[in-house]
Amino acid sequence: MALKRKTLVPLLLLFSLAQAPAAAKIDFSGRVKLFTSAFMEDNTAGEFFSHQAADFASKRLELRLAFAGNVSERVAYLVRFDAYAYPGDRLGGQSFPEAGALGSAFSSEYFELNLYEAQVKVSDFLVQGLDLTLGKQRIQWGSADKMNVVDNLNPIDLANFFTFDPDYFAERRPQTALNFEYYAGKTKLQLVWLLQNPLSPMPYGYTALLQKFYGLQTITVQTYWGRELAKTGLGLRISRNLFAIDLALSYYIGNSSLPVLRELSALSSLEGIFYYPRLQVLGFDCAGEFKGIGFWAESALIIPENINGRVVVPLIVNDQLLPAESSFRLLEPAYWKYVLGLDYNFGGGFYANLQFLHGFFDEFAFTTEAQQNLGIGQGMFFGNLSNYLLGRLEFKSANEKIKLKAGGLLEMTAKGSAFALMPEAEFRFADALVMNLGAFWPLSGQADESKFGQFKKDSMVFLGLKVDF
Amino acid sequence: MPDLKKIILLLLPILWLAGSLPAADAAAVLKAVEENTMGAHAPRDMEADMVMTIQDKGQVRIREIHAWSRNTKDKDDARALKFLSPADVKGIGFLALAEDSMYIYLPEFHRTRRIASSNMKDSFMGSDFSYEDMGTTAFSKSYDPRLLAENAQEWQLELLRKKGSNKPYARILLTVSKSSSTPTRMELFDAAGNLEKVAEQNSQLTGKYWIMARIKMSNIKKRTSTVLEMKNIKVDQDLQDEIFSERFIKKSGL
């Protein structure tokens, strides 16, 4: 009987797919994009970046190819590949730019290919109103404008966050999952089973940078999961429109997609142990409007697993080096993250958007003992919860061929604050041909006071050019 | 004195045009327009392909949209749009369930976002239409009508925005065809009294309904214009509730 139950669902799915006629029209689309940025000032001893003025900060050619279509009236698919090439050489080291064994110029023409999405969606799966999306997909979770605190299913893409490419600002990575969405009138019930443990990709070279930042000789990364099904993530969300407001309650159990510093050991060398804790997240989100002003809010009550932090230092006792260990609760038993947002269109092409955020993606609520022993506080990566104000004013002109944006981010910590301006101009020369010119311009903040203050000497300008087809 | 007589004689037709007709007639004309565009003589629902041609200082840009709308007494008015081209907007979905309940679906991020009604002031896909212009023609809710002129073919109404209304145009000069009781021309004025846009409309008889098949919106200030044409119009199909849902605008294809 148990076997029957286990095999029933996949069999029904296969049956659904088998009902489909031969593949119909394939909808093919894509994008070619060049993104380059350059530093505006010298910072040869930077916290994260080391450069001189007019050095390239990033340089990337991107090709996106997507195929979508309907296998039948109820079954649709989408596959998207993202390919990246590095335009330029990186010659140096102990060898010439040799080709691969098959003759490809892989070491002089860097190229990476990523299966960004691959999903099949079955509408009215088993029952009317139930949609199943399986495969690698971006799961919709929450109501805020990108700063979703309830969304722990799609990890934040920190690798692209620090390119300051506006297309990737606070974007999240699709995950391989089974996503059931049941629609009953104005109510929607969603159940997501992640077939993987979500992990946020870090920028290239980040481990070495973090070592330098904490003064660590070695870094160890620990997880609580292995290959057990029971330790993958699960999400449940119920949403409904009530009194013209979209309301939702959600629950997530699974790992944090970003790690915490759990242990410091200074015996033979200074070692830092980072750990991806298990979380339960009770979420609430809503969106609506009042007198033409759009509003949204999300709050997440985060209940992390009870884990201990540890600090091991050598003590000299009777001329002998002995380890002295202190152990303490690492994270608060429960804590809140939340975001509140407003937007308004003034007409004449002017639009404003403002969000207040408590708790950035990488932040946790550490106990006082953990803060004292591990030296963790606000204004650090993987640090304690801080407050942020994010805003942007947009102006569109010439039938949307020109869009000017004045974006800004204010970080507020107990020690100080940091403010960065993110201006951008977008020019649409023709349909589907867009050029972006912009900057990441930290105006205030200190490295020891705030997270974004660490980039104070890393101001950069960027140029993006993209064509959709 | 003779000069004064001349002036009065000259002014008489203008005064007659400006307001000598009773307001009840203007209201009746406006009611007839609304009956045809959104009332008892309008289709319960409609599905059509829309082609939008934007002419901007010698440059021509084309947008294609598939649209569904519902206008029934027992249910809220609703509209759903799917953008078909150009490539950078393909797949975007728009859903308006009420004036304060609108959603946009962004396929790149597989995300549906609620948008506030203040965004109705925004340009619709870079055209000379705003989202508001693409909405229903429920003038009488927001405007007081006055009959300005009449000839054998047309009525001309002046619509003045009611106090408290948040409609973008302070004054509208509306020309209505007597044969079809549908608008043929609208001159849209801003709060300062400046002519902002002119809409020239052609309606066609589809089955038993007069349907607006082509509309040219000229932006006087920007000197640009957009022509919106409706093709493959289907009416009274009893479109299901599911079409006017977040689930539907997220679906790929049609």
Side-chain angles (χ1 to χ4, degrees), chain A residues 24-25 27 29-31 68-70 76-78 117 121 123 129 131 137-140 143 145-146 167 171-172 174 181 183 185-186 188 241 244 246 287-296 342-349 351 396 398-401 428 430-434 466-469, chain B residues 54-57 59-63 84-91 97-103 105-128 130-132 166 168 190 219 222 224-226 241-242 245-248 250-254:
Chain A
K25 186 185 145 213
D27 191 359
S29 61
R31 172 179 289 176
N70 285 69
Y77 64 88
L78 168 69
E117 283 173 288
K121 182 169 188 170
S123 301
D131 294 346
Q137 60 190 290
R138 174 75 167 84
I139 300 149
Q140 185 167 341
S143 302
D145 186 9
K146 296 195 171 186
D167 282 350
E171 270 313 316
R172 291 165 183 268
E181 293 168 284
Y183 297 85
K186 289 182 174 180
K188 179 183 164 188
N241 184 285
D246 297 327
E289 74 165 89
F290 180 70
K291 292 189 182 289
I293 301 171
F295 67 80
W296 57 90
L342 298 170
D343 74 342
Y344 189 71
N345 194 315
F346 295 91
Y351 168 82
K396 283 187 274 193
N399 280 8
E400 297 190 0
K401 283 187 286 186
R428 195 169 287 268
D431 280 336
L433 171 61
V434 177
K466 64 183 172 189
V467 182
D468 286 288
F469 55 87
Chain B
I54 304 164
Q55 293 184 324
D56 183 359
K57 298 172 187 80
Q59 198 181 15
V60 175
R61 293 181 289 154
I62 294 173
R63 274 108 181 77
L84 309 178
S85 77
D88 56 340
V89 296
K90 186 178 178 180
L97 296 175
E99 276 195 9
D100 59 353
S101 191
M102 289 178 295
Y103 301 84
Y105 171 67
L106 304 168
E108 184 172 352
F109 311 112
H110 299 289
R111 258 178 100 231
T112 307
R113 251 210 98 199
R114 186 165 175 153
I115 52 173
S117 59
S118 58
N119 286 291
M120 295 291 275
K121 300 168 195 162
D122 226 351
S123 159
F124 181 80
M125 294 180 80
S127 73
D128 294 290
S130 65
Y131 279 87
E132 182 96 42
N166 59 359
D190 64 17
N219 191 313
K222 293 183 187 168
T224 55
S225 66
T226 302
D241 287 354
E242 199 207 300
S245 70
E246 189 191 322
R247 184 190 187 199
F248 184 78
K250 280 166 70 176
K251 274 188 182 172
S252 58
L254 297 177

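Numbers restart at 1 for each chain; the letters A, B, ... are given by sequence-line order, proteins then strands.
In this structure, no portion of A:R172 lies under 4.5 Å from any heavy atom of chain B. When heavy atoms are compared at a cutoff of 4.5 Å, B:S123 approaches chain A by way of both its backbone and its side chain. Only the side chain of A:K396 comes within contact range of chain B, judged by heavy atoms closer than 4.5 Å. With a threshold of 4.5 angstrom between heavy atoms, B:S85 does not approach chain A through any atom at all. Both the backbone and the side chain of B:R61 come within less than 4.5 Å of a heavy atom of chain A. Residue contact with chain A, scored on non-hydrogen atoms closer than 4.5 Å, involves the side chain of B:R113 exclusively. Neither the backbone nor the side chain of B:K57 comes within contact range of chain A, judged by heavy atoms closer than 4.5 Å. In this structure, the portion of B:I54 lying under 4.5 Å from any heavy atom of chain A is its side chain and not its backbone.
Rounded to the nearest 0.5 angstrom, B:I62 CD1 and A:D431 CG are separated by 9.0 Å. To the nearest 0.5 angstrom, B:E108 atom CD is 6.5 Å from A:D167 atom CG. Interatomic distance, A:N345 CG to B:I115 CD1, rounded to the nearest 0.5 Å: 9.5 Å. B:S245 OG to A:Y183 OH: the interatomic distance, rounded to the nearest 0.5 Å, is 7.5 Å. B:S117 contributes atom OG, which lies 8.0 Å from atom OH of A:Y344 (distance to the nearest 0.5 angstrom). Considering CD of A:E400 and CE of B:M125, their distance stands at 9.0 Å, rounded to 0.5 Å.
Salt bridge annotation for A:D131-B:K250: absent, with no cationic side-chain nitrogen under 4.0 angstrom from a carboxylate oxygen. Salt-bridge formation is not detected for the pair B:D88/A:K466: no Lys NZ or Arg NE/NH1/NH2 atom is positioned less than 4.0 Å from an Asp or Glu carboxylate oxygen. A salt bridge links A:K401 with B:D56; the closest basic N to acidic carboxylate O contact falls under 4.0 Å.
Taking the side chain as every heavy atom from C-beta outward, A:R138 and B:R111 approach each other to under 4.5 Å.
Annotation for B:A116 and A:G292: closest pair CB-O, 3.4 Å, computed over non-hydrogen atoms. Between A:N399 and B:S127, the shortest heavy-atom contact is OD1-O, 4.1 Å.
For the set A:S123, A:G294, A:A398, A:A430, the entry with the most heavy-atom pairs within less than 4.5 Å of chain B is A:S123. Here A:G288 is the residue among A:G30, A:P174, A:G288 with the most heavy-atom pairs under 4.5 Å with chain B. Options A:V467, A:D145, A:N241 differ in how many heavy-atom pairs under 4.5 Å they form with chain B, and the most are formed by A:D145. Contact count versus chain B (heavy atoms, under 4.5 Å) is highest, among A:G185, A:S29, A:A432, for A:A432.
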Checklist line | Steps toward salt bridge (charged side-chain N to carboxylate O under 4.0 Å, His left out) verdict (B:K90, A:D468) | finding: CA-CA 10 Å; B:K90 186 178 178 180; A:D468 286 288; over 6 Å; no

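Relative to the six-membered ring of B:F109, A:K146 meets both conditions, a distance below 6.0 Å and an angle of at most 45° to the axis.
A donor-acceptor contact under 3.5 angstrom links the side chains of B:Y103 and A:D246, judged on distance only.
Put simply, the side chain of A:Q140 gets close to the backbone of B:T112: a donor and an acceptor are under 3.5 Å apart.
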